[in-house]
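When reading the values below, keep in mind they use all heavy atoms of this one structure, side chains included, and skip hydrogens, waters and symmetry mates. Please read these numbers as outputs of a predicted model, since none were measured by experiment. Numbering of ligands and ligand atoms starts at 1, following listing order.
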Amino acid sequence: MRTETLILSVGKCSWGKCYACGWGRIQGKYTEEEAKEIIKKRNLSGVDKLKIFASGSLLDDNQFSPEFRKWLAEYLKEKGVKELVIESRPEFITPEALEPFKGLKLTVAIGLESANDEILKKYAKGFTVRDYLKAVKVLRDFGARIRTYVMVNIPFGTREDFDRTMEFALEHSDEVVAINTFPHSKAPLFDMWIRGEWSPLDKKQFKEWVEKWESNPKVEVDFQNYLFVPKFPPEKREKIVGATSQSLRHPHFEVWQDYFQRFYEPKPKKLLLFLPCSYRKPYPKSQTHQKIFQALKRTGHLRDIHRVVVSTPGVVPIEFSDYYPFNSYDWPEWEETPEIKEEYIKVTKERVKKFLEAHAHRYEKIACYFKHDSETYKAIQEAAEELGMSIPNLLGESAWEAVKDKKNPVAQREALASLTAGVKRLLEGQELGKET
Ligand code: SF4
């Protein structure tokens with residue numbers, strides 16, 4: 001059976017208020033006329049089943065005109081499509097709206113999310129369980145199949161609520177999809193995560209919630225149905241400035257560290273290399289990082305190395321350098337007090353430890369390149385010690401002696417030569433020498 005998926009970016013969900021949803025708040029890119037042209041360009045001949053996603057409801061007259069739906073249904077029948085899966089809120093599911101789809105094997109997916117009216121109210125779902133049941137009846141009378149989405153770890157809900165919802169959804173549906181809850185950054189749930197009042201489930205936790213249901217042939221589970229990254233929209237960004245505890249533990253840094261520790265999946269590489277930050281942001285644009293980049297390039301192993309910065313925001317894989325807040329925070333070293341330095345070491349050690357616990361297995365070797373007297377280096381060493389690991393510093397002893405009194409020691413020629421030689425020794429199978 002040939003199945004295809006079509007994303008219809010047209011109009012806007014006329015509800016648009018669900019607590020975790022960002023899609024419903026976005027206006028679609030195309031007019032109906034443009035959408036028709038896009039559909040006509042798709043090769044739908046020979047497609048048995050078509051799934052349509054529209055970031056809202058295909059049956060909503062405010063989002064799609066009845067004429068468009070009629071055209072779409074006729075066009076699909078003409079092309080020989082046999083099965084169609086669409087999505088809709090319950091209030092738009094009426095015999096009139098379904099009429100054009102007669103002749104197709106129709107499945108309508110409804111985002112019930114929870115079978116508890118109190119939770120639905122707090123979640124701002126805008127309908128009740130009764131509304132859902134009414135829609136189910138209309139669909140049954142029409143002869144359509146029912147697919148119900150249930151949210152795993154919905155805010156304001158408990159695991160017991162989830163289990164009850166699954167039982168209820170299975171009773172009324174042909175298919176049930178248990179979907180992990182991730183917040184769109186524009187949605188209020190994202191702020192709840194930032195405030196520490198709710199957090200998404202990682203793979204292991206999700207598995208624990210759904211394993212009881214997974215063996216049911218009517219159930220599908222979906223851990224992550226879109227590429228989730230905590231991108232802060234411009235209106236939620238703040239200027240994080242100052243060498244203070246508030247900056248160090250800023251909730252925006254904490255949310256990103258949670259993401260890197262529990263959701264991020266770096267590609268396996270030969271070497272994980274921890275690097276210092278730079279005054280200029282984003283890091284790769286700074287002179288220091290450009291020199292480090294050149295030194296690594298000279299090893300011939302650039303592609304085998306994952307550069308990861310350790311600094312005030314925590315552990316930052318280099319590919320995220322240009323994301324807020326990593327591209328804009330400021331930690332003036334001259335404001336540092338002995339107390340904040342101590343706190344920095346403690347907090348950074350924990351962040352490095354958690355990152356290594358989650359990802360060390362993806363790398364063959366782990367090393368760092370830091371000033372020997374830096375707090376970050378101390379934090380990395382303490383983290384390594386607690387994990388029973390060894391993380392060599394590729395800024396060797398004699399190179400450090402040669403550069404330590406110079407401005408920006410890690411960007412000095414002797415230090416960079418030590419880095420190049422250290423990487424070569426590590427990756428070309430020789431023992432790490434003491435010096436360069
Ligand atoms: S979840 Fe669905 S109904 Fe709710 S706002 Fe988003 S698109 Fe609209």
Proximity of Tyr324 and His252 rings by center, below 6.0 Å:
yes
Name the one of Lys218, Lys105, Arg140 that satisfies salt bridge (Lys or Arg N to Asp or Glu O under 4.0 Å) with Asp174?
Arg140
Have a look around atom 8 (Fe) of ligand 1 and list protein N/O/S atoms under 2.8 Å, or say none.
Cys13 SG
Enumerate the residue pairs fulfilling side chain to side chain donor-acceptor pair (under 3.5 Å) with a member in residues 183-192, sequence neighbours excluded, ordered by first and then second residue.
Asp191-Lys236
In short, side chain to side chain donor-acceptor pair (under 3.5 Å) pairs touching residues 376-385 with sequence neighbours left out are Tyr344-Thr376
How long is the span from the CD1 atom in Ile318 to the NE2 atom in His289, to the nearest 0.5 Å?
5.5 Å
Has Lys125 got any heavy atom lying under 4.0 angstrom from an atom of ligand 1?
yes
Which pairs, with at least one residue in residues 241-252 and sequence neighbours excluded, count as a salt bridge (Lys or Arg N to Asp or Glu O under 4.0 Å)?
Arg249-Glu343
